[in-house]
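All values reported here derive from a predicted model rather than from experimental measurement.
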2 protein chains.
Amino acid sequence: MTVPTADSDIKASPMHAHCQTCRLNSLCLPLALRLDDLEDFDAIIRRRAPLKRGETLLDPRTPFHHVFAVRCGSLKQQVVHAEGEERVTHFYLPGELVGLEGVAGDGHPGTITALETTALCEIPFDRLDVLSAQLPALRRELYRCMSRDIRDDRYLHCRLAGHTAEARLAGFMLDLGYRFQRCGLSATRFRLPMSRIDIGSHLGLAVETISRLISRFQQAELLHVARREVTLLAPERLAGIARGAPIGERADA
Amino acid sequence: MTVPTADSDIKASPMHAHCQTCRLNSLCLPLALRLDDLEDFDAIIRRRAPLKRGETLLDPRTPFHHVFAVRCGSLKQQVVHAEGEERVTHFYLPGELVGLEGVAGDGHPGTITALETTALCEIPFDRLDVLSAQLPALRRELYRCMSRDIRDDRYLHCRLAGHTAEARLAGFMLDLGYRFQRCGLSATRFRLPMSRIDIGSHLGLAVETISRLISRFQQAELLHVARREVTLLAPERLAGIARGAPIGERADA
DNA sequence: CGAACCCTTGAGCATGATCAAAGTCCGTGG
DNA sequence: CCACGGACTTTGATCATGCTCAAGGGTTCG
């Protein structure tokens, strides 16, 4: 089944992912597995056909059977709040697990949609559960993943409840950078996968406010944004703003 | 201490809790365990001396070894956001698990403090982990607990990012009632364990705003509050407000 | 080439923060 | 038992942040 190095076997069993060769295997679930355990894990997961932009992975009516690992691309989760009104509650980046909220039963709390072309590994939760009984490292890693999600939500709570719009957006940008760094990309130069509308919905701010803030941040030389390409020019100052400091004026040329 | 009828060994080991006789055993971790499995679980947990109001259970420097189940009383979690400024990120009520954010390592994200006299069961996570390998029902219940926390945080996100202060407070009150109901109390009549200051910090609103809103809700006959005793008079209308509806005027006598 | 959709910028307005000052409840100790 | 101190709560007045409405420009995709 599993194979040493090359892509040769990928063609042979195109529906199976292979964790051994996955660029993200140091972030994803099998993190702590020994090589032979990895094969057991590898055997239960399935590579799905990539989702295209705007396609939905699951919604509240989807019965819960799988969790997913993002291999590349990104997704958003939206929860219907009032009629017609949706909030973006979460963004998923490469190496992150999707669908853990569904384990509790009673369906998924929201709709999860691809923001761009997105490849996922599909992991049947029943088999993951059984395997986790046999592999302590896997089990603990799964506990850790869920725990980290809870912890991250606590920090997010701080950012949302923290007053100013400036602080929220600054914190959001830094968090994105941090998460891109986790999957091997730059923490200071990246491409926003989501629209300003999504950012606004996520942070509880109007689109116009997001737009104005980005302009103001650029004037203050905190970051540079062209279309959706972002460069964080002064992460420390952004961190200060996220904690409530005022926007310092730009050095002025 | 509490036990009338059954096992004689209970007096022998007063520091051990006994899940079989716990009023909350239908909510807490052993939910799905058979009686003999329950004894295994029972053997690893320890009843702690109750915390008094204001005493802290753990803080970011506490090494992670245990999770806790609230037997009675309540706690709050605070995370330092900016210097000197703290946000209340979570309240813990009876039957809920405390400390799951710590599993991921790198310490707990905040300080957890008792809001009133609070009794807890202390569960060593290492032993829980090992036991969960042997008891599928326990393992799945643990997954479920963590999953539910994540899901609840998504809903909380909606409430926080949803605009008006009215909607936030209405949603908060309903959520509290729902959680009290889960542990066998009334969903519409309960005692607030936390101060208005804590509520404000949790919802990202000024204390004054909380106070004014409570007054306004009372005028509209949505609820009745005396000191910290709350009666929800019109839960459906509150639910409407939480979704963004305006406050209807009171029927007027 | 047109049509969505997304993004930006402007002007006026309302919600909730801030500052200020009573009033209330509680535990503590006289 | 009552008086005191401290923390919590309520209410009022003013002000600023960020929302709403409105319109113009850009990009992408069929």
Could you state the atom-to-atom distance from [atom1] of [X] to [atom2] of [N] in whole Å?
{"X": "A:Lys52", "N": "D:dC29", "atom1": "NZ", "atom2": "C1'", "answer": "15 Å"}
{"X": "A:Ile199", "N": "C:dC6", "atom1": "CD1", "atom2": "P", "answer": "13 Å"}
{"X": "B:Glu116", "N": "C:dC26", "atom1": "CD", "atom2": "P", "answer": "14 Å"}
{"X": "B:Glu229", "N": "C:dC26", "atom1": "CD", "atom2": "P", "answer": "11 Å"}

Subject >> Any pair counted as ring-ring contact (aromatic ring centres under 6.0 Å, His included), so long as it reaches residues 192-219 of chain A, sequence neighbours left out >> reply: A:Phe91-A:His202, A:Phe172-A:His202, A:His202-B:His157

Original post:
Can you tell me if CZ on B:Arg53 sees more than 12 non-hydrogen neighbours from other groups inside 6.0 Å?
Top reply: no

**OP:** May I ask you to check whether over 12 heavy atoms, not counting those of A:Arg191, lie within 6.0 Å of atom CZ?
**Re:** yes

Original post:
Under the criterion side-chain contact (heavy atoms from CB on, under 4.5 Å), which of B:Leu223, B:Leu238, B:Leu203, B:Leu174 is the partner of B:Leu169?
Top reply: B:Leu203

How far apart are the closest heavy atoms of [X] and [Y], and which atoms are they?
{"X": "A:Glu101", "Y": "B:Ser147", "value": "O-OG, 3.0 Å"}
{"X": "A:Ala242", "Y": "A:Ala170", "value": "N-CB, 3.9 Å"}
{"X": "B:Gly73", "Y": "B:Thr118", "value": "CA-OG1, 3.6 Å"}

**OP:** Would you give a per-nucleotide map of nucleotides 4-18 of chain D, 5' to 3', where B means the base has a protein non-hydrogen atom under 4.0 Å away, S means only the sugar-phosphate does, and - means neither?
**Re:** ----SSBBBB----S

Original post:
Going through the distances and angles, do B:Asp152 and B:Asp175 end up as a side chain to side chain contact (heavy atoms under 4.5 Å, CB included)?
Top reply: CA-CA 10 Å; B:Asp152 291 348; B:Asp175 183 59; over 6 Å; no

Original post:
When the C1' atoms of the five terminal pairs at each end define the local axes, what inter-axis angle does the helix from C:dC7-D:dG24 to C:dG30-D:dC1 show, to 10 degrees?
Top reply: 40°

